[in-house]
Each structure stands twice: as structure tokens, then as C-alpha cells.
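Everything on this sheet refers to the single structure shown next.
Every chain is numbered from 1, with letters handed out A, B, ... down the list of sequences.
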There are 2 protein chains.
Amino acid sequence: MTTPMLTKNQSLVFDVLTKAEAPLSAYTILDKLRDQGFRAPLQVYRALDKLLEYGVVHRLESINSFVACAHPNEDCHSHGLVAFAICESCGQVIEFHDHEVDHRLMDWLKSQKFKAEKSTIEIRGHCANCAA
Amino acid sequence: MTTPMLTKNQSLVFDVLTKAEAPLSAYTILDKLRDQGFRAPLQVYRALDKLLEYGVVHRLESINSFVACAHPNEDCHSHGLVAFAICESCGQVIEFHDHEVDHRLMDWLKSQKFKAEKSTIEIRGHCANCAA
DNA sequence: TTGCACACGTTATAGCATAACGCAATTGAT
DNA sequence: ATCAATTGCGTTATGCTATAACGTGTGCAA
């Protein structure tokens, strides 16, 4: 998918996520945008829905947060599954794509005649810097 | 880990999950246990915490729900990562363990010097019965 | 110009999870 | 025996996450 022009709200939310060094919750984004006129959660969630649809933002299900895609110029939908390593100390996220893992999972799903639509692969732990 | 004797509350919660045909949210479990004297969410969450710790229950992060482990006699901690295929129509969950996927992910994590602690692999879509 | 699609704003509400308090039972070391 | 530590439990209150439902304005195509 090619990313359309972003609306004002979408741009604001995307900028906040791009500048952040760690994933942000929707409510944290809201707080960061109060000065630009944001007042309600829906303003954030609606922008996020679109950004997710465009593939420029990822949702981290295990921590109810959102990050900008680490591969801005590629198409996240085209390189298959995305995996995340999430540091529980510093919050940093490493994004990663692997065709081997993809294929293996897809083969299994196929053997079960399961039609995959969305996937979540998240590993929580400690990054190189934070691991004592 | 060997599973210790379950307390009354833990047994009640575990039974509900075992009998369920689909994952249940904590609040759904609460409602099903009101007749046995459950009154507050914490009663459910505390039991769930222990059952998760013992490895007899899994949490599905992407749908905020819980399922009994599909491999009651094995030790879920010993066979590494667990993956789930979750049907968005009927709610059915297929649980699955694959060493290939494990190793591939673990190798990558190692290359990043990332110390993994918890993992989430969840695929949402439609099962064989529900896929039109 | 009418109808449609879409983004937006607002209020209210639903759904998920935990903090903080106190009590009771158990265990185990001294 | 007794004291301290641990664990489970019950309750109230609260906080965080997400969406429903309503109405407005704008742009564009038939």
C-alpha cells in the first residue's frame, strides 16, 4: 500500500511516535498533543487506526502501545510477519523481519487450513544495554 | 515446573477455562463464578496470575483473554515458545509449538544480545470451519 | 445540488487491570 | 510454644485502555 497524504491529526500523532524513543500508549500520545488542541482519546485512536492501516505504525499488543515503523521506506505488509523485541527496562523496541519464521508459521497454518489475517510476535525481555 | 495443589479459587477459575470452548476474559470468568461467591475482578486476576505462573493457563495478549493450556500433561515452559492461531469467527484457539521457529527467533535475539523472558506469538484469522 | 465519503469534535460509556487496606490460615525457625 | 514471614482471600476504590453514538463541516462526483 502506498501511504496517502496524512491529515493534520494523523501527522501530529505520527510525529509524536517518530520522535519517541519508546512505544507510547494512546493516552500518552493524547497528553503530548493537548497543546496542539487534542482533547479526547478518539482523536488519537482514529489517527492511529489510519496509520496502522497504512502500515507506518505498529501496535504492540502485549504492552498496549504503538511505535512508528522502523522501516519507513519499505512496505511492512510486503515483507511478511514482523517481530518485536521489547526491552522491559528502557522500553526500546527492535523490529525484525524473517522469512524463515514466516514460512514455518505459514506452513503450519496452511496445514491447519487456517486463514491468517493479522499476526503478533512480541518478545519481552532486556536489551543489550539493560541486561545487567 | 510442577503444578502445586490448586486453591479453591484457582480450581474454580481453572475449571471454567477448561470447560470453555474459547478464550475467556477475566470479567467473563468473574460472571461465570458469581454463583460460587466471586464478587470482584481481583479474585479472578489473582487466580489467573498463579495459573499462568504454573503454566496451565495462557494469556492471549491480542484479545485480552485466557485459555487453559492445550497440553495438560506436558510442561509448557519446557517446550519453548508457544504460538496460537485464534479464529475471529468462532473464537477457537489452536495451540502450537515449533522448535524451528523457536531456534530462529532465539538466534536472532542472541545476535542482538537480547535476553528474552516472555514471548507472544498470536495469529488471528479464520479456522478451517469458519473460512467461507 | 444532491448525495456520499471522510475527517473531525464531543460526551458518555464499556471493558480491562491493579493499588491499597485488612483479615485469616499456614509454615517454619528459634 | 511463639513469633515472624508468607500466602491466600475479600473489599473498596481507582486507573488505564478502547469504543459507541451523536452531530458538524468539507470536498467531490453524479
Rounded to whole angstroms, how far apart are [atom1] on [X] and [atom2] on [N]?
X       : N      : atom1 : atom2 : answer
B/Arg39 : D/dA13 : CZ    : P     : 15 Å
A/Met5  : C/dA7  : CE    : P     : 13 Å
B/Leu30 : C/dA17 : CG    : P     : 13 Å
B/Leu24 : C/dG15 : CG    : C1'   : 15 Å
A/Asp49 : D/dT17 : CG    : P     : 16 Å
B/Lys8  : D/dC9  : NZ    : C1'   : 11 Å
B/Leu12 : D/dG8  : CG    : P     : 15 Å
A/Leu48 : C/dA7  : CG    : P     : 14 Å

Checklist entry - Using a cut-off of 4.0 Å on non-hydrogen atoms, how would the nucleic acid contact of A/Arg46 be classed: base, sugar-phosphate, or nothing? => result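 The residue A/Arg46 makes base contact.
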
Checklist entry - Any stacking of A/Tyr45 on D/dT19, going by centres under 5.5 angstrom and planes within less than 30 degrees? => result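 The ring of A/Tyr45 is not stacked on D/dT19.
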
Checklist entry - Is any NZ, NE, NH1 or NH2 atom of the basic residue among A/Glu100 and B/Arg104 found under 4.0 Å from an Asp or Glu carboxylate oxygen of the other? => result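 Between B/Arg104 and A/Glu100 there is a salt bridge, with a charged N closer than 4.0 Å to a carboxylate O.
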
Checklist entry - Is it true that A/Arg34 and A/Asp31 make a salt bridge, defined as a side-chain N closer than 4.0 Å to a carboxylate O? => result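 Yes, A/Arg34 and A/Asp31 are salt-bridged.
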
Checklist entry - Pick the nucleotide of DNA chain D nearest each of B/Ala40 and B/Gln10; which residue has the one closer to the 5' end? => result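 Looking at the nearest nucleotide for each, B/Gln10 comes out on the 5' side.
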
Next on the checklist: Please compare B/Gln43 and B/Tyr27 by the position of their nearest nucleotide in DNA chain D and report the one closer to 5'.
Outcome noted: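 Residue closer to the 5' terminus by nearest nucleotide: B/Gln43.
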
Checklist entry - Nearest to the side chain of A/Leu42, which nucleotide is it out of D/dC9, C/dT10, C/dT18? => result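 The nucleotide sitting nearest to the side chain is C/dT10.
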
Next on the checklist: Would you say CD of B/Glu21 has more than 12 non-hydrogen atoms from neighbouring residues, nucleotides or ligands within 6.0 angstrom?
Outcome noted: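 Check fails, neighbour count at 12 or below.
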
[N] phosphate, OP1 or OP2, under 4.0 Å from [X] side-chain N/O:
X       : N      : result
A/Thr7  : C/dC6  : no
B/Asn64 : C/dA17 : yes
B/Arg59 : C/dA17 : yes
B/Lys50 : D/dG8  : yes
B/Ser25 : C/dG15 : no

Checklist entry - Does a donor on one side chain sit under 3.5 Å from an acceptor on the other, for A/His126 and A/Glu88? => result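 On atom types as modelled, these side chains do not qualify, holding no pair under 3.5 Å.
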
Checklist entry - Aromatic ring centroids of B/Phe84 and B/His58 under 6.0 Å? => result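 Yes.
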
